[in-house]
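First the structure, in the form of structure tokens, and then the observations on it.
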Amino acid sequence: MAWDTFATVAETRRALEQKQVSAVELATHYLDRAEALNPTLNTFITIDREKTLAEARLADQQRAAGSAAPLLGVPIAHKDIYLIDGWRTTCGSRMLENFVAPYTATVIEYMRAAGVVTLGKLNMDEFAMGSSNENSYFGSVKNPWDFSRVPGGSSGGSAAAVAAGLAPGSTGTDTGGSIRQPAMFCNLTGLKPTYGICSRYGIVAFASSLDQAGPFAQTAEDCALLLNAMAGFDPHDATSLDRPREDYTRALSAPVTGGKPLAGVRIGLPREFFDDGVAPGVTRAVLAAIEVYRSLGATTVDISLPNVKYAVPAYYVVAPAEASSNLSRFDGARYGHRAEQYDDLLDMYKKSRAEGFGAEVKRRILIGTYVLSHGYYDAYYLQAGKLRRLIAEDFKRAYEVCDVVMGPTAPEGAYPLGSASDDPVKMYLGDIFTVSANLTGQPALSHPCGLDEHGQAVGLQIIGNYLDEARMLNVAHQFQQATAWHRRHPAL
Ligand code: GLN
């Protein structure tokens with residue numbers, strides 16, 4: 001079977017529907033390719049041929065029996081933060097190196113109900129903490145475009161898998177940019193939905209008020225198809241939005257009125273996203289893309305988000321605070337790694353956590369415990385909460401004059417492995433454009449829009465108002481109808 005390994009989710013689905021290919025053939029193709037390339041890219045933590053092929057066989061049987069599930073037989077790989085019953089789920093940590101999930105995350109259940117076949121579990125920064133995928137206990141993921149560069153993090157495996165043609169689509173999670181930033185570094189489209197759209201149940205918790213599940217794919221259309229499968233109310237998640245399901249592809253096929261496809265769309269360009277902290281090649285590519293948007297009928301308006309300068313400091317108080325609390329469950333007794341030698345209970349906790357967690361995770365636990373401690377809570381955590389509200393108010397004002405906000409996804413493109421890994425603050429500053437959407441809960445996506453001065457992919461970020469995913473996906477889709485940046489593939 002000759003299969004185009006860079007087929008989109010939409011194309012894969014069509015080929016399955018038209019019986020040009022079977023789910024088993026597809027699963028076999030991608031498993032073979034993953035096994036061949038994993039020694040180079042280190043994208044997967046777990047590949048389990050038997051489990052994947054069993055799911056694929058079931059999908060083929062269901063099709064033969066007349067099922068028309070929307071993604072029946074489409075193989076998708078998942079970030080190793082999603083619990084899947086019977087699958088090892090490591091979260092990129094030694095702490096969970098041998099943990100086999102006893103139940104399945106709701107997002108995965110919903111995807112399975114839509115017919116998705118699980119292709120395996122993808123490498124990631126330990127407990128999703130990082131921006132370069134250099135914090136994984138299982139080693140760094142390589143950027144498929146240039147093996148000497150980072151793929152971005154924390155969902156680096158999710159981005160590298162799709163970019164390398166090891167899967168038509170993948171899942172990630174985004175707490176401060178971990179879908180959008182690796183999507184940029186690997187030349188993909190990635191979406192962080194509105195907080196509460198996708199259930200957090202069965203996803204290992206990092207910072208619960210910020211964590212969101214979302215898709216990676218080559219196109220905005222594919223992200224819409226995947227989000228259709230992932231989203232939905234879940235009574236197991238207290239912050240899940242109880243609302244009817246929607247079709248995120250609906251705007252993509254809406255008839256164009258008035259000639260230009262984006263006529264009437266107002267794009268806000270925040271002054272703060274175009275300052276000199278951004279690599280010139282990144283700014284250049286984003287501004288060129290804004291011109292394309294103008295040619296598609298959109299108008300632009302200059303705006304200001306004065307409080308986004310506090311987003312990184314606020315994020316690096318809130319995220320570690322919540323992480324320190326969430327990670328207290330890893331004590332060597334209930335979950336995960338336990339030290340072999342210890343004197344007493346306290347010593348067992350200490351040694352198990354000292355051995356099980358890596359340096360960045362320990363750093364976050366220390367920061368988080370500090371900012372939550374008596375005497376500092378008011379000075380840090382409470383202040384960060386206030387900043388969150390101020391940032392949300394900035395965006396609220398912006399949406400009085402624009403429909404979507406655009407800017408670069410990250411201040412620079414994929415950088416060489418090792419170049420920032422010993423400087424946590426430098427790494428944190430790379431999150432400057434992404435963390436606001438997590439602090440406020442707004443949806444945001446990144447799509448390919450050009451190359452920087454080092455030939456690395458540049459991502460354009462679209463931030464939208466709450467629950468405005470359908471419009472944002474259509475905006476990106478129209479850009480992709482007019483350009484070819486998203487169709488570039490590495491020679492692999
Ligand atoms: N880079 C950010 C961090 O390290 C975001 C990570 C994420 O979104 N999971 O916290």
Side-chain angles (χ1 to χ4, degrees), residues 78-82 91-93 122-136 140-141 150-159 170-186 190-193 195 198 200 203-216 311-327 357-368 371 384 409-412 414-415 420-446 459 461 463:
H78 300 297
K79 186 176 185 178
D80 204 16
I81 197 169
Y82 290 87
C91 216
S93 182
L122 296 163
N123 204 345
M124 55 180 284
D125 278 312
E126 184 176 9
F127 286 103
M129 298 172 188
S131 309
S132 64
N133 219 129
E134 293 169 288
N135 295 337
S136 170
S140 307
V141 176
V150 302
S154 66
S155 316
S158 307
S170 65
T171 57
T173 57
D174 190 312
T175 301
S178 281
I179 290 176
R180 291 159 283 159
Q181 185 253 29
M184 160 157 159
F185 286 12
C186 290
L191 169 71
K192 180 203 89 77
Y195 183 82
C198 293
R200 287 181 295 109
I203 298 174
V204 179
F206 166 8
S208 306
S209 76
L210 307 166
D211 297 344
Q212 249 303 289
F216 282 92
V312 167
Y315 173 85
Y316 279 97
V317 169
V318 173
E322 294 185 14
S324 72
S325 165
N326 274 326
L327 269 55
F357 291 137
E360 183 60 27
V361 174
K362 286 177 185 156
R363 186 176 298 124
R364 305 282 177 114
I365 292 172
L366 286 172
I367 298 171
V371 300
T409 301
E412 60 173 334
Y415 42 82
S421 48
D422 54 359
D423 185 349
V425 173
K426 181 174 177 211
M427 192 79 92
Y428 298 169
L429 287 172
D431 300 339
I432 185 142
F433 301 127
T434 47
V435 290
S436 289
N438 302 81
L439 290 167
T440 61
Q442 298 169 99
L445 66 79
S446 177
Q461 180 176 217
I463 306 177

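Indexing begins at 1, ligand by ligand and atom by atom, following the structure's order.
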- [ ] Look only at interatomic distance and state if Gly176 has a nitrogen or oxygen under 3.5 Å from any nitrogen or oxygen of ligand 1.
- [x] yes
Task: Distance-only polar pair, side chains of Lys79 and Ser155, donor-acceptor under 3.5 Å - done: yes
Open item on the list: Under 4.0 Å from a heavy atom of Phe206: which atoms of ligand 1 are those, numbered in the order shown and with their elements?
Closed with: 9 (N), 10 (O)
Task: Met427 side chain near Glu134 side chain, heavy-atom distance below 4.5 Å - done: yes
Task: Residue from Ile81, Ile203, Val361, Asp125 passing side-chain contact (heavy atoms from CB on, under 4.5 Å) with Cys91 - done: Ile81
TODO: Output yes when the distance from some N or O of ligand 1 to some N or O of Lys79 is under 3.5 Å, and no in every other case.
DONE: no
Task: Residue pair Val312 / Asp431: nearest heavy atoms and the distance that separates them - done: CG2-C, 4.2 Å
- [ ] Give the residue and atom name of whichever protein heavy atom lies nearest to atom 7 (C) of ligand 1, and the separation in Å to one decimal.
- [x] Ser178 OG, 2.4 Å
Open item on the list: Can you report which non-hydrogen protein atom sits closest to atom 10 (O) of ligand 1, along with the distance?
Closed with: Tyr315 OH, 2.6 Å
- [ ] State if Tyr428 counts as touching ligand 1 under the rule of any non-hydrogen atom under 4.0 Å.
- [x] no
Task: Heavy atom of Glu360, distance to ligand 1 below 4.0 Å - done: no
- [ ] List every atom of ligand 1 that sits less than 4.0 Å from any heavy atom of Gly130, numbering the atoms from 1 in the order shown and giving each element.
- [x] 1 (N), 2 (C), 3 (C), 4 (O), 6 (C)
Open item on the list: Quick one about Ser131 and Gln181 (side-chain donor to acceptor, distance below 3.5 Å, no hydrogens or angles considered), yes or no?
Closed with: no
Open item on the list: If the cut-off is 4.0 Å to any non-hydrogen atom of Tyr316, which atoms of ligand 1 fall inside it?
Closed with: 1 (N), 2 (C), 3 (C), 4 (O), 10 (O)
TODO: Return yes if some donor-acceptor pair links the side-chain N/O of Arg200 with the main-chain N/O of Asp211 below 3.5 Å, else return no.
DONE: no
- [ ] Check whether any side-chain heavy atom of Phe206 lies under 4.5 Å from a side-chain heavy atom of Ser154, and answer yes or no.
- [x] no
TODO: Enumerate the atoms of ligand 1 whose separation from the nearest heavy atom of Asp174 is less than 4.0 angstrom.
DONE: 8 (O)
- [ ] With heavy atoms of Met129 as the reference, note each atom of ligand 1 found under 4.0 Å away.
- [x] 4 (O)
Task: Test of proximity, Ser131 against ligand 1: N or O pairs below 3.5 Å - done: yes
Open item on the list: For the backbone of Gln442 and the side chain of Lys192, can you confirm whether one donor and one acceptor N or O come within less than 3.5 Å of each other?
Closed with: yes
Open item on the list: Applying side chain to side chain contact (heavy atoms under 4.5 Å, CB included), can you list everything that pairs with Asp423, at least two apart in sequence or on another chain?
Closed with: Val425, Lys426
Task: Gly177 near ligand 1 by a heavy-atom separation under 4.0 Å - done: yes
Open item on the list: Does only the side chain of Asp431 get under 4.0 Å from ligand 1, or the backbone, or both, or neither? Count heavy atoms.
Closed with: side chain
- [ ] Any atoms of ligand 1 less than 4.0 Å from a non-hydrogen atom of Ala128? List them with their elements.
- [x] 6 (C), 7 (C), 9 (N)
Open item on the list: Once you measure the plane-to-plane angle for Tyr428 and Tyr316, does it fall in the parallel (<30°), tilted (30-60°) or perpendicular (>60°) bin?
Closed with: parallel
